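The next block holds one structure in the form of structure tokens; read it before the comments.
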Amino acid sequence: MPSFRAPRGTRDLLPPERTAFVRLERIAAELAARYGFRPIETPLFEQTGVFERGVGEATDVVEKELFRLAPRSGEGETWALRPEPTAGLVRAYVQHGMQTWPQPVRLTTTGPMFRYDRPQAGRYRQFWQFDVEVFGDPGPAVDAELIELAFRFYAEAGLNPPDAYVNSIGDEACRPAYVEALAAFYRARIHRLPALERQRLERNPLRLLDSKEPAMVELNADAPTITDRLCAECAAHFGEVRAHLDALGIRYVVDARLVRGLDYYVRTAWEFFPVGARGTQSALGGGGRYDGLVERLGGRPTPGIGFGIGLDRVVLALEAQGADSVTEPVPLAVVVGAEPGATAARLRIATELRAGGLSVRADLAQRKLGRQLEAAVREGARFAVIVGDELADGLVQLRDLGAASQKPVPLADLPALLRRKATVA
RNA sequence: GUGGCCUUAGCUCAACCGGCAGAGCAUCGGAUUGUGGCUCCGAAGGUUACGGGUUCGAGCCCCGUAGGCCACCCCA
């Protein structure tokens, strides 16, 4: 017999942890609705090209981390599990002609994403993300609105306000010149670049900027920044984003070296980290503007912007800051019996109580009364309904497990009685 | 993907120099007939991650593989 286990980089979310995720998902859904986002669900996998064109072929996410599905013989297309939600949502926007919907279109989804990289704490091959996207709004006000929404989510989740880093990475008009200037800067100092960074220089000079190599950190202090090379339009846009953030009282840091790993971002980009912990594997979320993406995937030119929040990371951060662990629901009452074998009566009574809207567990394991009561007490139930001989007279014992007292109650009165007790805390 | 550390029961961990694999918690059962979280007693739970090698003998030493973790990388 082989011993099976969850695939590398995946994990089972067992009851206490899954409850924490459910709570975050509920907050996400409620919050998104409050901000006017409509729920949407797209497939967990797409044609590979959706990600290659959407996310960018030269990105690590596509080049190294894409979870490609083995094609079946005879099928003409190949698929990959989604590494992020935006490309699939853009594909859906184009496919369903959402440009004919009232603009802007605000969409939200929450679910698992997949990246085939080497697992580590906080870095999984399957992880969960809460995502919102806005199509058809060029900003700048909505850029600030989304950042504020993310802060609201963290707050309602019970997380200390994270550090927010914001930047503008320019657009087609100004970024090429900047990238060239940056490449020239590094080429002039190529002897100081580590071997790995020399290779990346030719492929994507922007990514050298946020390297954590000590040699690079030192070098980057003198590197040209995008900030003072933005075109007039981008500079004005970024200025307005900041003005809106300031008007909302949002605390953030402008980080001129912040770039993002996905090709589609233009102009506004941001990331969130736990306070004072801008380390690896700790990013709580991030987002940005992607004005050219809809067009790249075959749609009409449409501005877009969105963010993703890593639910796994939020759960981790909540634990790290010592937040109260989630409490799982416990039944109000447990139906137990003096006669272990008389399960039919216990099940029938529990069924009636549940039909009346009450949270009730029936102890159907055939164990003696003492063990049944012990289990009820240990799971935190407030009452035990004890079924015994008096059932012949239409009576059960209603036992208050906290007070260790009980009294006979007509079975017919039980639902109303328990419902009344349930309302008093 | 690169380098490093780690892996003993469901969980947390012991096991001398290479010499009979253990404890606590958790689980299940019992403590004279229908009443509790405590206590007492007991049971079950292991191919010491997996596969090789060295040795009279390997949880312990060596090699490989898998998984976890740390740094890089990358990001959520």
Side-chain angles (χ1 to χ4, degrees), chain A residues 1-11 14 55 59-65 82-86 110-131 150 162 194-197 199-200 204 207-208 210-216 258-262 269 271-274 278-287 307-317 334 336-340 342 363 365-381 383-391 396-397 399-406:
Chain A
M1 275 287 269
S3 59
F4 295 113
R5 60 180 161 197
R8 181 175 200 197
T10 71
R11 67 223 198 280
L14 301 182
V55 177
T59 59
D60 283 347
V61 167
V62 166
E63 202 170 64
K64 310 193 312 202
E65 301 168 2
R82 62 181 185 191
E84 54 87 54
T86 305
T110 298
M113 308 295 155
F114 304 86
R115 288 186 200 177
Y116 190 83
D117 54 0
R118 191 155 158 179
Q120 217 165 302
R123 183 167 75 182
Y124 307 105
R125 288 181 171 182
Q126 176 177 353
F127 57 98
W128 277 261
Q129 231 174 288
F130 161 44
D131 180 78
L196 183 74
E197 309 290 356
Q199 296 167 19
R200 299 170 74 199
N204 195 344
R207 302 229 49 89
L208 301 201
D210 56 5
S211 172
K212 285 148 200 99
E213 286 266 351
M216 292 302 295
L258 169 69
V259 298
R260 305 220 70 216
L262 282 47
E271 291 179 348
F272 297 99
F273 289 88
R278 194 182 187 178
T280 50
Q281 269 65 260
S282 65
L284 294 165
F307 69 71
I309 287 178
L311 299 187
D312 313 71
R313 298 278 175 81
V314 173
V315 169
L316 244 31
V334 178
V336 302
E339 179 52 54
D363 197 316
Q366 302 197 12
R367 51 187 171 185
K368 63 180 194 176
L369 181 57
R371 294 287 185 197
Q372 296 179 50
L373 285 167
E374 183 182 342
V377 166
R378 289 212 286 185
E379 74 187 292
F383 299 99
V385 175
I386 303 172
V387 182
D389 295 337
E390 54 277 67
L391 188 60
V396 293
Q397 299 285 344
R399 182 172 181 82
D400 184 323
L401 292 171
S405 64
Q406 67 187 50

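What you see is a predicted model; the values in this text were computed from it and never measured.
The distance from the CD atom of A/Q366 to the CD atom of A/E339 is 9.0 Å, given to the nearest 0.5 Å. A/D363 contributes atom CG, which lies 11.5 Å from atom CD1 of A/I386 (distance to the nearest 0.5 angstrom).
Atoms CZ (A/R8) and C1' (B/C69) sit 11 Å apart, rounded to a whole Å. The interatomic distance linking A/D60 (CG) with B/C73 (P) rounds to 11 Å, in whole Å. Rounding to whole angstrom units, CG of residue A/D117 and P of B/A76 are separated by 11 Å. Here B/C28 presents its C1' atom at 10 Å from CZ of A/R367, a figure rounded to the nearest Å. Rounded to a whole Å, the CG atom of A/L258 is 10 Å from the P atom of B/A76. Computed from coordinates, the A/L311 CG to B/A76 P distance equals 13 Å when rounded to whole Å. For the pair A/R5 CZ and B/G68 C1', the computed distance is 9 Å after rounding to whole Å. Between A/E339 atom CD and B/G34 atom C1' the separation is 10 Å, expressed in whole Å.
B/G57 sits 42 Å from B/G1 when the C1' atoms are compared, rounded to a whole Å. The same atom, P, is picked in B/A26 and in B/C38; the two are 7 Å apart, to the nearest Å. Between the C1' atoms of B/U2 and B/A44, the separation comes to 46 Å (whole Å). Taking the P atoms as reference points, B/U47 lies 9 Å from B/A9, given to the whole Å. Rounded to whole Å, the C1' atom of B/G68 lies 11 Å from the corresponding atom of B/A49. Between the C1' atoms of B/U27 and B/G10, the separation comes to 9 Å (whole Å). Rounded to whole Å, the separation between the C1' atoms of B/G3 and B/C60 comes to 26 Å. Taking atom C1' in both B/C16 and B/C11, one finds a spacing of 27 Å when rounded to whole Å.
Between A/Q126 and A/G388, the one whose closest nucleotide on RNA chain B sits nearer the 5' end is A/G388. Ranked by how close their nearest RNA chain B nucleotide is to the 5' end, A/G287 and A/K64 are led by A/K64.
Looking at A/R123, its side chain has no donor and acceptor atom pair within 3.5 Å of the base of B/C69.
Using a distance-only test at 3.5 Å, with no hydrogens or angles considered, no donor-acceptor pair links the side chain of A/R399 to the main chain of A/Q406. A distance-only check finds a donor-acceptor pair linking the side chain of A/R313 to the backbone of A/G122 [under 3.5 Å]. Checking side-chain atoms of A/Q129 against main-chain N and O of A/E84 turns up no donor-acceptor pair under 3.5 Å. At distances below 3.5 Å, not a single donor-acceptor pair connects side-chain atoms of A/R11 with backbone N or O atoms of A/A6. Between the side chain of A/R118 and the main chain of A/G9, no donor-acceptor pair closer than 3.5 Å is present.
For the OP1/OP2 pair of B/A31 and a distance below 4.0 Å, the side-chain nitrogens and oxygens of A/K368 include at least one atom meeting the criterion.
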Tabulated below should be each protein N or O lying under 3.5 Å from an N or O of nucleotides 4-10 of chain B; please produce it.
from	atom 1	to	atom 2	distance (Å)
B/G4	O6	A/R118	NH2	3.4

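In this structure, A/R5 has no salt bridge (charged side-chain N to carboxylate O under 4.0 Å, His left out) partners at least two apart in sequence or on a different chain. With sequence neighbours excluded, the residues that form a side chain to side chain contact (heavy atoms under 4.5 Å, CB included) with A/P83 are A/F51, A/V61, A/L66, A/R115. Applying the ring pair (Phe, Tyr, Trp, His ring centres under 6.0 Å) test to A/F114 and every residue at least two apart in sequence or in another chain returns nothing.
Under the 4.5 Å side-chain criterion, counting only non-hydrogen atoms from C-beta, A/R123 is in contact with A/D117. The shortest side-chain heavy-atom distance between A/L284 and A/I309 does not fall under the 4.5 Å cut-off. Counting only heavy atoms from C-beta outward, the side chains of A/L311 and A/T110 approach each other to under 4.5 Å.
A/G337 comes within contact range of no nucleotide atom at all, as no heavy-atom separation falls under 4.0 Å.
Stem analysis of RNA chain B (Watson-Crick or G-U pairs, both distances under 3.5 Å, runs of at least three) returns B:1-7 with B:66-72, B:10-13 with B:22-25, B:27-31 with B:39-43, B:49-53 with B:61-65.
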task = Assign a letter to each nucleotide of nucleotides 35-47 of chain B from its 5' end: B, base within under 4.0 Å of a protein heavy atom; S, sugar-phosphate only; -, no contact.
result = BBB----------
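Here the side chain of A/D389 is nearest to one of B/A76, B/C70, B/G34, namely B/G34.
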